[in-house]
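Below, each value reflects all heavy atoms present in this structure, side chains not excepted, and no hydrogens, waters or symmetry copies. A note on names: the letters A, B, ... follow the listed sequences, proteins ahead of strands, and every chain is numbered from 1.
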Protein chains: 2
Amino acid sequence: MGKKNCIVAQSGGPTVAINASLAGVVKGVKDSQVFDTIYGSVNGILGILNNNVINLSEIVANEETLNRLKHTPSMYLGSCRYKLPTVEESPETYAQIFEMFESLNIGAFFYIGGNDSMDTALKLSQYAASIGSDVRVIGVPKTIDNDLCLTDHTPGFGSAAKYIASTILEIAHDTFSYPVPSVTIVEIMGRDAGWLTSASALARNEYNTAPHLIYLPEAPFDTAQFLADVKELLKKQNTVIIAVSEGIRDKNGNYISAASQTTDGFGHSHLSGAGKALENFVTSNIDIKVRSIEINVLQRSGAHISSATDLTESFELGHHAVELAEEGVTGCMVTLKRLSSNPYKVAYGHENVAKIANEIRSVPREWINEAGNDVLPPMYEYLRPLIIGEPDIRYKNGLPDYMDISHLTKA
Amino acid sequence: MGKKNCIVAQSGGPTVAINASLAGVVKGVKDSQVFDTIYGSVNGILGILNNNVINLSEIVANEETLNRLKHTPSMYLGSCRYKLPTVEESPETYAQIFEMFESLNIGAFFYIGGNDSMDTALKLSQYAASIGSDVRVIGVPKTIDNDLCLTDHTPGFGSAAKYIASTILEIAHDTFSYPVPSVTIVEIMGRDAGWLTSASALARNEYNTAPHLIYLPEAPFDTAQFLADVKELLKKQNTVIIAVSEGIRDKNGNYISAASQTTDGFGHSHLSGAGKALENFVTSNIDIKVRSIEINVLQRSGAHISSATDLTESFELGHHAVELAEEGVTGCMVTLKRLSSNPYKVAYGHENVAKIANEIRSVPREWINEAGNDVLPPMYEYLRPLIIGEPDIRYKNGLPDYMDISHLTKA
């Protein structure tokens, strides 16, 4: 009956490593004795439902293109924010998906994404079992938030951490140039988990003590204590640089951002972020130059300073997913297990996706100091290896030479 | 009487190339047959007034350190925002400066900076002439704003332009991933001149049409027309990405940012930037996902993606300044003259600093389209060569390995 084909999709928020995992899947299928063509579903599972599928075996025809794909940020296949209904809610959706699999002679489906994607992978693998289909369903993790369970860390996190640490270091060089007292607040992504904000600590070195304060969602934020922390530092230094998660909240669980509203020229009000809220708070209470910086989407799309360790692991996880499918494994997510931090060594494994979907992994409270304004040594040991290595980014006309995404930009 | 020494200082806002010029001055003095030691004045001219001077000949002892200095962002010597009084206002200030020159046996003073620094260089050279001092005073330009006269462009601009174009390209990859309608507004530095915002156009390539609208301070901004521009684009595309200068203003010269106020939890109000103002304006008028991104200080301190062309030119300008001083030239600023754009060729020259200080160079109106929402081909031709080339940034522990600035961080 000939070789089976594979299909892959991407979902959730962008990272700079999600295409490295895609490249790993593509390479895995190319290396495979069991599988033939690798198809890509455009805009997550929606591409399968809407018949928007491209042939990645043809598009990624050589090593050069594979390398370019590996270094291109965000989702080459496009994303979706689609919550797959349960089979009880919509049996026809499942029927449609598996008809599509049938028509393309699919033997394995790989879903690269975060929590929601793992939920989709779980549902599809359960459905496959229920109908006796031999289509394997394997999840490949990604999220800059690093909040998935049962994996040491998530693809995309190390590069975002490197972007953040480098940026904080460069902000420190900028800020320390001025011999005037100032407070700089840097807002970092992380609605529920403080992993990314913790990475700001890696900017500290022999000459740089910034960030001087670090606030995570895992420790309740107290505005009065914050103000006291800042004032105390200003007694002994000119420059205070603060890293803060977008998701910091008070002891009642209310986001700090909600305390600040902006009004446009037409009287409408809009919520602003935690960084801006703290900037306004300091401005109102201390007579000093204050600036807030929101790193924004750059931390998840700045591929030009990604971590080679992260990209390599992301690629290998994609490749490993194909190997598992070859062996008949299904209903799992590929994972990273840390064997040692120094020297850094990881092993590639897999876990039942049912144990991962819809769970969140937070920063352990014991990795945060008692005052809730800094991280402790175990966090450094955990983070350090993840940002190591600079990938071989090619440039064209002075800009990174990424994959052509015409199939997305023409929409 | 032996060889004379030199002293150098930096002033104004940071760029990623201002230390490349410093490295050029240091190398120029090391190469010189006329000059001996190169001193650095910490925090601009204030270091000379406050006796805070370091020996750069000793600190930058080898090629490796010179290379690290060349690639370190912001001011290694620290900055100041000090307006030198006129000699009539404060003759004692001038006397103090020239006594310091005398005590260090100074033959030339190099001031790396923007407009204010050129004003200082002018005053000091005039004072030197008036007292018959043979201390040469030479300005070395720098500003990401690219708004100095009589030089084709300014050191620091090309790297900031490269940062902005790369960032817009990465934001495009991020935004085009989502199959949902959205408007993204990117605020770029430039209070008076739109050069930097224009550089966003370089992100356009075979597959990327973003930014779709570009607004500069040089064309009056009309909010109603802006809304019409956005709505028109949304008729034919899902994704609209807009680049806007922080300094856009209406036809009466009022900054658009002033239209938006933020209120903190304590009832104080604060001005927000142009990007946030436009975000709020779109949110209030179009039912669509809207995001504003302020690139902020990263565009002037992100050395990890600087332009090799920019760093080389900045270095050479510093070196050229020393050569001019050797020849007895004074009261000038070193300049770049473009000989051709394709192939790109520049010559190093100098101009009377009196013709440069306190003048501003804006984007020519004829390089902006009639609608005032995009730039025209001459701008591309002008900008393209300036972002070419990737410098050899060294990394340590996964982060750029910059110069130790303990002398600034310990303050």
With side chains defined as the heavy atoms from C-beta onward, is the minimum distance between A/I293 and B/L298 less than 4.5 Å? yes
With only heavy atoms counted, which part of B/T309 is less than 4.5 Å from chain A, the side chain, the backbone, both or neither? neither
Go through the atoms of B/E390 and report whether side chain, backbone, both or neither lie under 4.5 Å from a heavy atom of chain A. side chain
Side chain, backbone, both or neither: which part of A/S307 has a non-hydrogen atom closer than 4.5 Å to chain B? neither
Take atom CG in B/D392; do more than 12 heavy atoms of anything else shown fall under 6.0 Å from it? yes
Any B/I305 side-chain heavy atom under 4.5 Å of A/I305 side chain: no
Describe, in one word, how the ring planes of A/Y402 and B/H173 are oriented to each other, choosing from parallel (under 30°), tilted (30 to 60°) and perpendicular (over 60°). perpendicular
Do you know which of B/I388, B/I387, B/I405, B/T175 has the most heavy-atom pairs under 4.5 Å to chain A? B/I405
When rounded to the nearest 0.5 angstrom, what is the spacing between OG1 in A/T72 and CG in B/L169? 9.0 Å
Does any heavy atom of chain A fall under 4.5 Å from the side chain of B/D174, the backbone, both, or neither of them? both
Flag side-chain contact, heavy atom, 4.5 Å: B/T184 against A/V297: no
Work out which heavy atom in A/L399 is nearest to a heavy atom in B/A165; give both atom names and the distance. CD2-CB, 3.7 Å
Below 4.5 Å, heavy atoms only, C-beta onward: do B/R291 and A/N296 meet side chain to side chain? yes
Among A/G44, A/A172, A/G302, A/G389, residue most engaged with chain B (heavy-atom pairs, under 4.5 Å): A/G302
Identify the two heavy atoms, one from A/D404 and one from B/Y207, that lie closest to each other, and give their separation to 0.1 Å. OD1-CB, 3.1 Å
Checking heavy atoms, do the side chain of B/N43, its backbone, both or neither come under 4.5 Å from chain A? side chain
Is the closest side-chain donor-acceptor distance between B/S177 and A/S74 under 3.5 Å? yes
Within the 4.5 Å heavy-atom criterion, are B/T209 and A/T409 side-chain neighbours or not? no
Examine whether an atom of B/S79 lies under 4.5 Å from a heavy atom of chain A, and if so say whether it belongs to the side chain, the backbone or both; otherwise answer neither. both
Side chains of A/H304 and B/E170: does their closest heavy-atom pair fall under 4.5 Å? yes
If I measure from the heavy atoms of chain A, does B/S292 come under 4.5 Å with its side chain, its backbone, both, or neither? backbone
Which of B/Q10, B/K396, B/R81, B/R300 touches chain A most, by non-hydrogen pairs under 4.5 Å: B/R300
Give me the contact list for residues 157-164 of chain B versus chain A, heavy atoms only, anything under 4.5 Å, ordered by residue number. B/K162, B/Y163
In short, A/Y178 meets B/P14 closest at the heavy-atom pair OH-CD, 3.0 Å
